[in-house]
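One-based numbering, in listed order, for ligands and for the atoms of each. Every value quoted in this text rests on a predicted model; they were computed, and no experiment measured them.
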Amino acid sequence: MAHETADIVIIGGGIMGMSIAHQVARRSSLSIIVLDKGAGLGEGSTGGSSAITRQRYTRAENVRIARDGNVIWRNWSHYTGLADPVGRFHDIGVLWMMHDSEDQVAYDRNRLVAEGVDAVQIDGDDLARMYPGVSACMVPFDLTGEIEHECADGNAFLVERDTGFFDATGALLDVATAAKAGGVTVRLRSEVVDVISTGSRVTGVRLQDGGVIDAGLVINAAGPWCNRINAMAGLEVSWPLVPTRIQVIYRALPADVPRPIPVICDAAGGIYFRPEAGDGQII
Ligand SMILES: Cc1cc2nc3c(=O)[nH]c(=O)nc-3n(C[C@H](O)[C@H](O)[C@H](O)COP(=O)(O)OP(=O)(O)OC[C@H]3O[C@@H](n4cnc5c(N)ncnc54)[C@H](O)[C@@H]3O)c2cc1C
């Protein structure tokens with residue numbers, strides 16, 4: 001079985017692992033191997049992500065991270081160093097329809113603007129003008145059909161005008177291309193089945209095919225599977241993280257619905273939706 005050595009082994013070739021590889025490669029000449037158990041890139045969360053780049057988070061730190069992320073999405077070619085990247089930023093706006101009072105929306109709008117986000121508060125008239133295809137009704141539909149729907153319009157909404165969504169798989173492919181150009185080795189179908197330690201120090205990984213890679217540093221970027229890697233390393237502390245399936249559906253947008261439709265976070269329906277290729281929507 002192969003026995004190799006690398007300065008850094010990264011377990012997981014999703015957007016996190018690949019971004020770490022890219023960033024370290026840009027700043028050093030360390031040898032880096034990214035290992036992923038998938039047969040192709042993006043078989044974890046990244047490939048299924050809606051990749052909405054909203055900045056309205058509760059904690060200021062998260063607002064700032066998302067805001068700075070948007071700078072990267074907007075300057076993707078520069079960030080990746082690729083003249084013609086696959087991924088595209090769709091800054092079509094994010095509309096929040098959340099049962100908020102006018103005061104609540106104003107509070108959040110001010111909080112976001114203070115962090116440099118281009119957020120505006122709109123009312124029902126603004127909504128009709130900006131997005132004529134979007135109903136202001138905040139009453140959820142009764143999907144059983146037993147209760148007749150009676151509209152009750154909301155009048156306080158928030159729009160983040162400077163963001164939207166990014167192509168998730170495109171982003172991953174681009175970062176992988178950039179990382180490889182920087183000398184990173186990316187291996188698919190390479191499942192890590194054990195983390196090797198010497199004393200209290202992690203010194204490498206064992207692969208399903210029996211191969212071993214000794215490494216000065218092993219980085220756990222296994223996303224929802226990270227606790228399995230922690231357990232392999234004998235770590236008792238695990239993240240309170242439970243992989244959970246959620247459903248995403250694709251619907252064609254009816255031709256008679258006036259455009260544009262932004263990314264919409266819809267508290268009435270308990271859903272979010274955004275445009276997807278082919279003039280459809282993912283929900
Ligand atoms: C349906 C859905 C919608 C989402 N929507 C949004 C959104 O709108 N906006 C947003 O910001 N975020 C969204 N997210 C979250 C976002 O996609 C994730 O936070 C992000 O993709 C996590 O990236 P990651 O690299 O940490 O994990 P992953 O992409 O899951 O990568 C982990 C990788 O580790 C590999 N791996 C695991 N175990 C091993 C092993 N033993 N050996 C080798 N490889 C291994 C897996 O194959 C996988 O490729 C969404 C997620 C989902 C699932």
Side-chain angles (χ1 to χ4, degrees), residues 9-23 33-57 62-63 65-70 72-73 87 89-92 94-96 160 163-176 179 185-196 202 204-213 215 218-233 238-239 241-250 262-266 271-276 281-283:
V9 162
I10 299 174
I11 307 171
I15 195 68
M16 295 305 293
M18 210 61 84
S19 297
I20 294 166
H22 172 49
Q23 292 298 337
I33 301 178
V34 176
L35 302 169
D36 201 289
K37 64 188 171 81
L41 287 177
E43 291 190 8
S45 311
T46 303
S49 180
S50 305
I52 293 167
T53 50
R54 59 146 169 150
Q55 302 151 99
R56 190 187 194 188
Y57 285 93
N62 292 343
V63 174
I65 290 170
R67 175 203 63 198
D68 293 351
N70 274 271
I72 289 173
W73 302 129
F89 186 37
H90 305 265
D91 52 348
I92 56 172
V94 175
L95 167 63
W96 294 85
E160 294 178 51
T163 193
F165 68 96
F166 204 90
D167 302 325
T169 309
L172 181 57
L173 292 176
D174 288 337
V175 178
T185 301
V186 177
R187 296 221 185 115
L188 299 172
R189 294 192 174 89
S190 299
E191 181 171 358
V192 171
V193 292
D194 199 11
V195 173
I196 302 166
V202 168
V205 296
R206 191 182 314 281
L207 302 175
Q208 195 179 30
D209 67 3
V212 168
I213 307 177
V218 174
I219 296 177
N220 179 358
W225 297 270
C226 68
N227 282 333
R228 288 192 199 164
I229 306 297
N230 285 345
M232 291 175 197
S238 64
W239 283 52
L241 192 68
V242 182
T244 309
R245 282 186 187 276
I246 65 166
Q247 289 181 324
V248 178
I249 58 173
Y250 176 88
V263 176
I264 300 183
C265 302
D266 169 24
I271 55 173
Y272 65 78
F273 47 100
R274 69 153 173 84
E276 182 57 274
Q281 294 273 313
I282 56 168
I283 303 164

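From the protein, the heavy atom lying nearest to atom 26 (O) of ligand 1 is M16 CG, 3.1 Å. In terms of protein heavy-atom proximity, atom 49 (O) of ligand 1 is nearest to D36 OD2, 2.6 Å. For atom 38 (N) of ligand 1, the closest heavy atom belonging to the protein is K37 CE, 3.4 Å. The protein atom (non-hydrogen) at minimum distance from atom 5 (N) of ligand 1 is S50 N, 3.2 Å. Counting protein heavy atoms only, atom 29 (O) of ligand 1 is closest to T46 OG1, 2.5 Å. Here the protein heavy atom with the shortest distance to atom 28 (P) of ligand 1 is S45 N, 3.5 Å. Protein heavy atom closest to atom 12 (N) of ligand 1, with residue, atom name and distance, is S49 OG, 3.8 Å. With hydrogens left out, the protein atom closest to atom 1 (C) of ligand 1 is G48 O, 3.4 Å, a heavy atom.
Between P275 and H90, every side-chain heavy-atom pair lies at or beyond the 4.5 Å cut-off. Inter-residue side-chain proximity for V212 and V205 is flagged as unmet; no heavy-atom pair is nearer than 4.5 Å. Considering only heavy atoms from C-beta on, V94 stays 4.5 Å or farther from R56 through its side chain.
With a heavy-atom cut-off of 4.0 Å, I246 touches ligand 1 through its side chain alone. Only the side chain of Y272 comes within 4.0 Å of ligand 1, judged by heavy-atom distances. At a 4.0 Å heavy-atom cut-off, ligand 1 touches L35 through the backbone alone.
In terms of polar-atom proximity, E191 is not counted as a contact of ligand 1, lacking any N or O under 3.5 Å from an N or O of the ligand. Between A51 and ligand 1, a contact under 3.5 Å exists for at least one N or O pair. Not one N or O of E43 is nearer than 3.5 Å to an N or O of ligand 1, by distance alone. The shortest N/O to N/O separation between I15 and ligand 1 falls below 3.5 Å. In terms of polar-atom proximity, I229 is not counted as a contact of ligand 1, lacking any N or O under 3.5 Å from an N or O of the ligand. In terms of polar-atom proximity, defined here as any N/O pair under 3.5 Å, V192 does make such a contact with ligand 1. Between W225 and ligand 1, not a single N/O pair is under 3.5 Å apart.
R274 places a side-chain N or O within donor-acceptor distance of the main-chain N or O of S50, the cut-off being under 3.5 Å. One N or O on the side chain of E43 and one on the backbone of G40 form a donor-acceptor pair closer than 3.5 Å. Looking only at distances, no side-chain donor or acceptor of D194 sits under 3.5 Å from a matching main-chain atom of I196. Within the 3.5 Å criterion, the main-chain N or O of G38 finds a donor-acceptor partner in the side chain of D36. Judged by distance alone, with hydrogens and angles left aside, the side-chain atoms of S49 form no donor-acceptor pair with the main-chain N or O of A168 at under 3.5 Å. With hydrogens and angles ignored, the 3.5 Å screen pairs a side-chain donor or acceptor of N70 with a backbone N or O of T53. E160 places a side-chain N or O within 3.5 Å of a backbone atom of Q55 that can act as its donor or acceptor partner.
For the pair R54 and Y57, the cation-pi test (distance below 6.0 Å, angle within 45°) is passed.
Taking a cut-off of under 4.0 Å to the non-hydrogen atoms of G12, the atoms of ligand 1 that pass are 33 (C), 34 (O), 35 (C). Every atom of ligand 1 is numbered from 1 in the order shown, and the set under 4.0 Å from a heavy atom of P224 is 30 (O). Short contacts between ligand 1 and G223, defined as distances under 4.0 Å to a heavy atom of the residue, involve ligand atoms 26 (O), 27 (O), 32 (C).
Summarising the local packing, CE of M16 is surrounded by 12 or fewer heavy atoms from other residues, nucleotides or ligands at distances under 6.0 Å.
Per-atom contact check: atom 34 (O) of ligand 1 touches the protein, criterion being a heavy-atom distance below 4.0 Å.
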> Checking side-chain hydrogen bond (donor to acceptor under 3.5 Å, both in side chains) for the pair T163/D91: CA distance, chi angles, key distance, verdict?
Replying inline: CA-CA 4 Å; T163 193; D91 52 348; over 6 Å; no
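Summarising the geometry, atom OH belonging to Y272 is positioned 6.5 Å from atom CD1 belonging to I282; distances are rounded to the nearest 0.5 Å.
Heavy atoms of S190 approach ligand 1 to within less than 4.0 angstrom.
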